[in-house]
Amino acid sequence: MSPRMNGLGIMPEDTRICVVMVGLPARGKSYIAQKAQRYLRWLSVPARTFNVGNYRRENAPQPSADFFDVNNAEGERKRRAAAQAAVDDMLKWFREEQGVVAIFDATNSTKERRKWVLDQVSKEGIEVIFVESKCDDEELIMANIRDVKTSSPDYVGQDPEKAALDFRERIRNYEKVYRSINEDGDEDHLTYLKIMNVGKKVFINRIQDYLQSRVVYFLMNLHIRPRSVWLSRHGESLLNLEGRIGGDADLSSRGEEYARKLPELVRQSVGSDRPLTVWTSTLKRTIQTARHLPKHYNQLQWKALDELDAGVCDGMTYQEIADQYPEDFQARDEDKYNYRYRGGESYRDVVIRLEPIIMELERSEDILIISHQAVIRCIYAYFMQKTQEESPWVPVPLHTLIKLTPMAYGTEIERYSANIKAVSTWRGKGSTAKHEDPAPEGGI
Ligand code: ATP
């Protein structure tokens with residue numbers, strides 16, 4: 001068995017997992033599924049969600065609640081066909097596209113249905129882990145229905161109030177047959193994670209290997225309290241002025257001006273006096289950028305937030321790198337994500353060291369991160385689902401505060417410019433220009 005390397009370390013070549021979601025409608029299954037998919041893909045683990053609702057919509061685009069009644073034979077037939085089509089595509093993806101983690105997103109709310117999935121998937125030598133979201137907080141469920149269900153394609157063009165009532169009725173139909181995993185004590189052989197009331201309590205049963213436990217640990221850390229993550233690069237540094245990369249320089253006078261303006265920018269974007277927790281790197285330019293923030297903000301320095309290590313090229317200009325290491329310069333442009341500076345790091349390396357930061361971000365509430373261009377690109381790529389081809393080229397201007405607000409199925413972004421001039425540190429493919437203006441589109 002040859003090992004396979006990705007952002008979660010070394011795994012055996014044949015590790016394949018199917019995460020089977022379980023739970024009544026509006027319990028956050030799709031929310032959990034898309035978060036897990038995003039996290040795994042960011043770590044270069046091939047992951048894909050198969051949502052049975054999307055398959056069902058092909059044959060029943062706008063069903064009313066009685067479609068989901070167990071006594072509705074036509075509804076049963078169509079729902080089973082949708083589940084079968086999703087399982088077939090999922091197994092094909094494992095076989096033909098070297099899939100590693102599939103997420104089977106459906107209610108799977110009966111023992112029979114769980115056994116049916118388990119039998120088909122385990123026959124192919126794929127591990128199955130059930131992830132159940134159980135929630136009896138009626139207020140939260142109604143909020144979920146209003147937030148995401150009334151705008152679902154199932155209810156396009158319908159009155160939201162009527163849609164919410166119909167969805168509540170749909171849930172009642174599922175409740176008639178729903179069995180929580182191992183509720184009757186006869187599913188103890190299953191591998192599962194049961195999340196009760198958004199993580200107030202969790203049950204873990206028979207989790208086996210490394211990848212399973214990483215996925216479980218990630219899912220245990222999710223929460224749905226409203227919050228934002230703010231990202232800022234340090235203020236302009238003395239080395240930025242010279243077009244030199246890396247180093248540990250002080251701020252320029254304009255960088256210092258940004259540091260003084262940052263508290264106001266933060267207040268404006270927070271919209272209240274609620275305090276943030278501030279994370280900086282261990283380098284002078286980020287610590288100096290944070291120094292005028294209110295004293296009651298907790299500040300923490302993370303080595304993991306230090307800039308991408310440019311190894312032997314640290315402190316050089318792009319022109320010097322192109323002159324002294326022409327092959328390296330070209331190799332980096334060809335595959336910037338994977339190119340590792342001699343004695344330094346690649347973007348891939350940075351993502352791996354940022355994994356604990358992402359885990360901590362998921363657990364936390366309002367955090368302001370003051371870090372560096374490459375690091376911010378990697379964090380941004382996680383939230384905005386940027387590919388490995390795109391993320392190393394994203395323009396992240398100096399003297400700009402970025403606010404990311406995670407929503408049910410995506411992330412909202414707002415930008416606050418300090419309107420303080422700074423050099424551009426963006427470089428286009430093939431260029432050695434010192435202070436090039438980025439392409440207008442695609443920036444954050
Ligand atoms: P359906 O079966 O209809 O597809 P679902 O279970 O997939 O429903 P989602 O579409 O994921 O439900 O519901 C999203 C809502 O659930 C979001 O508003 C999100 O904040 C909330 N949510 C996320 N996690 C949980 C959880 N563990 N428990 C309850 N609600 C959650």
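Every value quoted in this text rests on a predicted model; they were computed, and no experiment measured them. For ligands, and for the atoms within them, numbers begin at 1 and follow the listed sequence. Just the heavy atoms: all of them, side chains too, but no hydrogens, waters or symmetry mates, feed the values below.
Under 4.0 Å from ligand 1, not a single heavy atom of Asn51 appears. Under 4.0 angstrom from ligand 1, the non-hydrogen atoms of Val198 come from both its backbone and its side chain. Residue contacts with ligand 1 for Lys149 involve side-chain atoms from C-beta outward but no N, CA, C or O (heavy atoms, distance under 4.0 Å).
Between Glu124 and Arg95 there is a salt bridge, with a side-chain nitrogen of the basic residue lying less than 4.0 Å from a carboxylate oxygen of the acidic one. For the pair Glu345 and Arg353, the salt-bridge criterion is met [side-chain N within less than 4.0 Å of a carboxylate O]. Using a cutoff of 4.0 Å between basic side-chain nitrogens and carboxylate oxygens, Lys261 and Glu264 are not scored as salt-bridged.
Here the two rings, on Tyr341 and Tyr339, have centers that are under 6.0 Å apart.
Scanning both residues, Ser180 and Lys194, for their nearest heavy atoms gives OG-NZ, 2.8 Å. Contact record, Lys29 with Gly23: NZ-O, 3.1 Å, taken as the closest heavy-atom pair.
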- Which is it for Glu169 and Arg172 under the salt bridge (charged side-chain N to carboxylate O under 4.0 Å, His left out) test, yes or no, and what are the steps along the way? CA-CA 5 Å; Glu169 201 46 42; Arg172 284 212 180 86; 3.5 Å; yes

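At the shortest separation from atom 28 (N) of ligand 1 among protein heavy atoms lies Arg27 O, 3.3 Å. Here the heavy atom of the protein found nearest to atom 30 (N) of ligand 1 is Asn144 ND2, 3.0 Å. Looking only at protein heavy atoms, the nearest one to atom 10 (O) of ligand 1 is Tyr409 OH, 2.2 Å.
Across Ser133, Ser109, Ser152, heavy-atom proximity to atom 27 (N) of ligand 1 is greatest for Ser133. Considering only non-hydrogen atoms, atom 8 (O) of ligand 1 lies nearest to Ala26 out of Ala26, Ala33, Ala143.
Ligand 1 has an N or O atom lying under 3.5 Å from an N or O atom of Ser30, backbone or side chain. At under 3.5 Å, a nitrogen or oxygen of Gly28, whether backbone or side chain, sits near a nitrogen or oxygen of ligand 1. At least one N/O-N/O distance between Tyr31 and ligand 1 falls below 3.5 Å.
For ligand 1 and Leu24, the ligand atoms under 4.0 Å from any heavy atom of the residue are 6 (O). Each of the atoms 3 (O) of ligand 1 lies under 4.0 Å from some heavy atom of Phe167.
Between Tyr382 and Trp42, the ring planes lie perpendicular to each other; the angle is over 60°, past the 30° to 60° tilted range.
Under a 4.0 Å heavy-atom criterion, Gly23 is not in contact with ligand 1. Using a 4.0 Å cutoff on heavy atoms, Ile141 does not count as a contact of ligand 1.
In this model, no donor atom of one side chain and acceptor atom of the other lie less than 3.5 Å apart for Thr49 and Gln34.
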